[in-house]
Amino acid sequence: MDRRARLLAVSSLVLASTLALPAAPASAATLPTGTRSLESVNYPGRFLRHLDHLGRIDPVTSGSSAQTKSDATFTVVSGLASPSCYSFQAANGMFLRHYDYRVRLESNTGTPTFRADATFCPVDGSVAGSVSLVSFNYPDRRLRHRNYELWLDTFEDTARFRADSSFRITAPWTPKTTKGPVIPGLFADPHITHFNGRYYLYPTTDGYASWAAPHYKAFSSTDLVNWTDHGVILDHGPDVSWADNSAWAPAVVAKNGRYYLYFSGGAASGDTRKHLGVAVSDSPTGPFRDALGKPLVRGGTYPGQAIDPMVFTDDDGKSYLYWGQGTAHVVPLNDDMVSFDPAAVRNITTTGYNEASFVLKRNGTYYFMWSENDTRDENYQVAYATGASPLGPWTKRGVVLQKRLDLGIKGTGHHSVVRVPGTDTWQVAYHRFAVPGGNGTNREVTVDRMTFNADGTIAPIVPTL
Ligand code: FUB
């Protein structure tokens, strides 16, 4: 069963579980993402918390210990198994999941089972403003407390069950004190850009084993602090005939009054190659549609993996496509933005280059930036070179962004840079292992300042929490 069919089956099961029960609550479409607490509706003052990695509802008051408050605080994030539902991440980076129907806290392994076990879909709760959380993979079961323990129980159409399975989403007992991640949840490879007075972030959806996520979301902001989630803008399953998974490292550019999304993807057919595609939309938040119905760069045509696209447009309006893992390529794009002359493809691999090309121009100098080492390595880092044209030749200048162990920041890379319009202020978006508890497939997105020295070199970027 493909992904869309499975989602339909799950939604119809959710629907069936409510339709079969006349008094069942209506669907609550969305939850606020970000740091929250969840209060029991029939035991006010008791909050969903974890203790010894098991879910419970316990009293929490302003006089409770910092640990108790922290244990009763979760970050509501896009569902690990579906962006239409939600997952709940504790301060230690672990997720609420069910196992043998007991609700517990565990690290995300990225397997389909874990992601499904850790995903819950909200429906209206027993009282106004409350929610009940339906299991994504067992849609006839809901998160419910009994004897103050949290279980995944089969829905019963009784007032008692409804109350036991209803929670109010409240302000968090432990508010977020860090700037990052700038978008809640697991995302990576952020492409940051600016269109018509708003900043946009286009990341890879992370948290999947082997980075298998099938869809991209878009986020926008006016201040680089508060980001609006615009939902899924391209879903490989239904939207791209030649790709099913590995929706990696998108990059979006505006040209000809339209928006072009460059992306990579793999097929479920057993062909392990990734291909690079381009999709188009009239809006920066999509929906995007596959522009060609086939890859723009077929994996295997050039050395290295056909992933990590990026487009730089020079002052004369000419656009250049960069891509590649293992080998860095560049080619001028034709004016249609969806084709190029294969004979014009150049290999611009620099010493240390692994992936994630990014090009910018400042004061007439071109800056070619990339990521070094493997994204699963805590030493994943960003380096750069300068040149006099978008095609190089490039002179390596060194590493500008790397781990900061005193703050527990590791695996800093796959960045992108945006200039604050009309200024010489530059901001860099990049991913790092999620703090705490992350790794190369559980990454998060953050933004820091990037400054230039008087001689035009880039000053070391200081990663902050
Ligand atoms: O997120 C999947 C892959 O990991 C990206 O394409 C690479 O750049 C690395 O970040």
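Indexing begins at 1, ligand by ligand and atom by atom, following the structure's order. In what follows, every heavy atom counts, from backbone to side chain, and hydrogens, waters and symmetry copies are set aside.
- For atom 9 (C) of ligand 1, the closest non-hydrogen atom on the protein side is E355 OE2, 3.2 Å.
- Both tests pass for R115 against the ring of Y208: distance under 6.0 Å to the centre and angle within 45° of the axis.
- Given atom 5 (C) of ligand 1, the protein heavy atom at minimum distance is D189 OD2, 3.4 Å.
- Under the 4.5 Å side-chain criterion, counting only non-hydrogen atoms from C-beta, T375 is in contact with R443.
- Scanning the protein for heavy atoms near atom 6 (O) of ligand 1, the closest one is D308 OD1, 2.6 Å.
- By the 3.5 Å distance cut-off applied to N or O atoms, W248 is not counted among the residues near ligand 1.
- Exactly one of F340, Y322, Y302 qualifies for a side chain to side chain contact (heavy atoms under 4.5 Å, CB included) with V331. That residue is F340.
- Atoms of ligand 1 found under 4.0 Å from any heavy atom of H431, numbered from 1 in the order shown, are 10 (O).
- Below 4.0 Å from some heavy atom of Y380 lie the following atoms of ligand 1, by number and element: 8 (O), 9 (C), 10 (O).
- Inclusion of W211 in the set of residues having an N or O under 3.5 Å from an N or O of ligand 1 is not warranted.
- Here is the list of ligand 1 atoms found below 4.0 Å of a heavy atom in H414: 7 (C), 8 (O), 10 (O).
- The aromatic rings of F368 and W394 sit tilted relative to each other, their planes meeting at an angle between 30° and 60°.
- With a 4.0 Å heavy-atom cut-off, ligand 1 is reached by no atom of Y208.
- Of all atoms in ligand 1, numbered sequentially from 1 with element shown, those under 4.0 Å from a heavy atom of I307 are 6 (O).
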- Can you check salt bridge (charged side-chain N to carboxylate O under 4.0 Å, His left out) on D271 and R273, steps first, answer last? CA-CA 6 Å; D271 175 2; R273 286 174 306 172; 3.0 Å; yes
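- Residue contacts with ligand 1 do not include Q325, since none of its heavy atoms lies under 4.0 Å from the ligand.
- When heavy-atom distances to ligand 1 are checked against a 4.0 Å cut-off, R443 comes that close only through its side chain, counted from C-beta outward.
- F187 and F219 have perpendicular rings, their planes meeting at more than 60° on a 0 to 90° scale where under 30° would count as parallel.
- The aromatic rings of F74 and H50 sit perpendicular, their planes meeting at an angle over 60°, well past the 30° parallel limit.
- Counted within 6.0 Å of CZ on R102, heavy atoms from surrounding residues, nucleotides or ligands total more than 12; the atom is thus considered enclosed.
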